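Single-structure report; data block below.
From a predicted model like this one, the values you see are computed outputs, not experimental measurements. By convention in this document, chain letters (A, B, ...) are assigned in the order of the sequence lines, proteins followed by strands, and residues within each chain are numbered from 1.
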Number of protein chains: 2
Amino acid sequence: MGDMTEDGFGSGPITLPSGGPLYLQLKRWLEDAIANGGIKPGDALPSERDLALRVDVSRVTVRKAVQQLVQDGLLVQRHGSGTFVATPAPRVEQSLSQLTSFTEDMARRGMAVRSQWLDRGVYPPSPQETMVLGLTAGEQVSRIARLRLSQETPLAIERASLSTQILPDPAAVRDSLYACLEQAGSRPIRAIQRIRAANLEADEAALLGVAPGAAGLYIERVSYLANGRVAELTRSTYRGDAYDFVAELRLGDGRTT
Amino acid sequence: MGDMTEDGFGSGPITLPSGGPLYLQLKRWLEDAIANGGIKPGDALPSERDLALRVDVSRVTVRKAVQQLVQDGLLVQRHGSGTFVATPAPRVEQSLSQLTSFTEDMARRGMAVRSQWLDRGVYPPSPQETMVLGLTAGEQVSRIARLRLSQETPLAIERASLSTQILPDPAAVRDSLYACLEQAGSRPIRAIQRIRAANLEADEAALLGVAPGAAGLYIERVSYLANGRVAELTRSTYRGDAYDFVAELRLGDGRTT
DNA sequence: TAGTGGTCTAGACCACGTG
DNA sequence: ACGTGGTCTAGACCACTAA
């Protein structure tokens, strides 16, 4: 411990203890170093070329180990800059039984929230939108798409579609869509959500600041007004490492409540 | 249709249209070929060495493209045998508001279900088990772990832990844990589930028959008896490509609360 | 300009499955 | 025995970032 230049790696050669493929040995070694606090979040790893020399493997093998840890979210690579231990995203909990607004929900927890508009406008509807929203021929659809951030950390991509009868002017939405709908007296009171996990595509991964192939949650939500009409179709992509969804189940043969 | 040897690839060289990195061009080319039905589920791809020759790239580049498609679940590789277009797993829907038993739930849909025991026994509890199940000092815990299959397709890994007071003999569980508990008059009536997405580790991926790194759902469930006592702690891993979870939300306004 | 990650190559050997 | 995917190498060039 007397060495101020210590970075968790020392400077000499690194010896891998275990058996099996080299890239898995190196991967385990790095995982351990991170878990044991030998390398801390934000710390830089030695360059790939350095590691290759010191572990005595080829750079390709180093990349294979690092690549998997990047995908698992333990490391972050920045082109031209270096490889760093990821700062774990704070987990956000969201209820799967109460219909809440992202904005209102986060405000309640006192979390700094920001949205970044990706799209906001009126378009001809897709077949899915026509069907789900129950649009009539020739009717247009209002779309708003935004990136949700908390503490400057991207959390989710939300793409909402509504009939122009319910939301005539998408540009009128400021922070909370639900607050906007409430003003118009058309806040949804019920919704059905469909949730699945999938590996994130490159474009969405980039927006969310994670590696392509990282696990994400795709959620499709259809919400209903008090009169039974469909209010909103929202398709969202959540970072898998940043969200916990919480649901309460009851012994149900009879439905609801 | 006049050529019986046609496999969707022809036999000549393959030219990639688009720009960008070669492995991404090849990946897109393969994705298109699968989407357009040029290659159908179950079909074999040319060997990596063949593809490399015909696309005129190195084998490493072919592997990089194929690897990503394997992780996305579009291709399956079998060591020593070949690379094949994946047969998409049938999606199973599961409710997130009704507390149902996997066995009973699937039976209701008339689906052939099988379980494969991974573990069944009485153990000293982990700290988490002690805390969540409310065990007293020295008390043991019953654990049952199984792989759930439908139509011989692995769907999920379930690891349940219960106090031995509630389930004294884990070996007594045959098909349905809940049916077994009901006989003892201790069927849970309520549960809290916590759901998150994560990339599957190698061991779990192997059990579920998907590629390491594929997206999966981790679900932690704590269920309660009518008297309020904790009945069960279950930690499960679901295939992301085989499950849709469905939840119904209501305007449960904790707003001013 | 120097150093980093990103892409790509040609060739080698091993481990596995099938005929 | 043969062909397949799985691992690994040494070296090259490009693209980006930072000093």
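Electrostatic pairing of R109(A) and E93(A) does not count as a salt bridge here, judged by no charged N lying under 4.0 Å from a carboxylate O. Between E220(A) and R194(A) there is no salt bridge, since none of the side-chain N atoms of the basic residue sits less than 4.0 Å from a carboxylate O of the acidic one.
A 4.0 Å heavy-atom criterion places the boundary nucleotides of DNA chain D facing chain B at dG3(D) to dT7(D), written 5' to 3'.
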Query raised in the report: Are Y238(B) and F245(B) close enough, and set up right, to give a ring-ring contact (aromatic ring centres under 6.0 Å, His included), and what steps lead you there?
Result: CA-CA 11 Å; Y238(B) 290 78; F245(B) 285 87; 5.2 Å; yes

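Note that R196(A) lies outside the cation-pi zone of Y218(A), set by a 6.0 Å cut-off to the ring centre and a 45° limit from the axis.
E232(B) pairs by the side chain to side chain donor-acceptor pair (under 3.5 Å) definition with Y178(B), S223(B), T234(B), not counting sequence neighbours.
E48(A) has its CD atom 5 Å from the P atom of dG5(C), to the nearest Å. Rounded to whole Å, the distance from CD on Q67(A) to C1' on dT4(C) is 17 Å. Rounded to whole Å, atom C1' of dG5(C) lies 13 Å from atom CG of L75(A). The separation between L24(A) atom CG and dA15(C) atom C1' is 15 Å, rounded to whole Å.
Within the 4.0 Å cut-off from OP1 or OP2 of dT4(C), not a single side-chain nitrogen or oxygen of S81(A) is found. For dG5(C), the OP1/OP2 oxygens have a side-chain nitrogen or oxygen of T83(A) closer than 4.0 Å.
Residue R78(B) is the one, among G20(A) and R78(B), whose nearest nucleotide of DNA chain D lies closer to the 5' end (criterion: closest heavy atom). With the nearest nucleotide of DNA chain D identified for both Q25(A) and R49(A), Q25(A) has the one nearer the 5' end.
Shortest non-hydrogen contact noted between A160(A) and L177(A) is CB-CD2, 4.2 Å.
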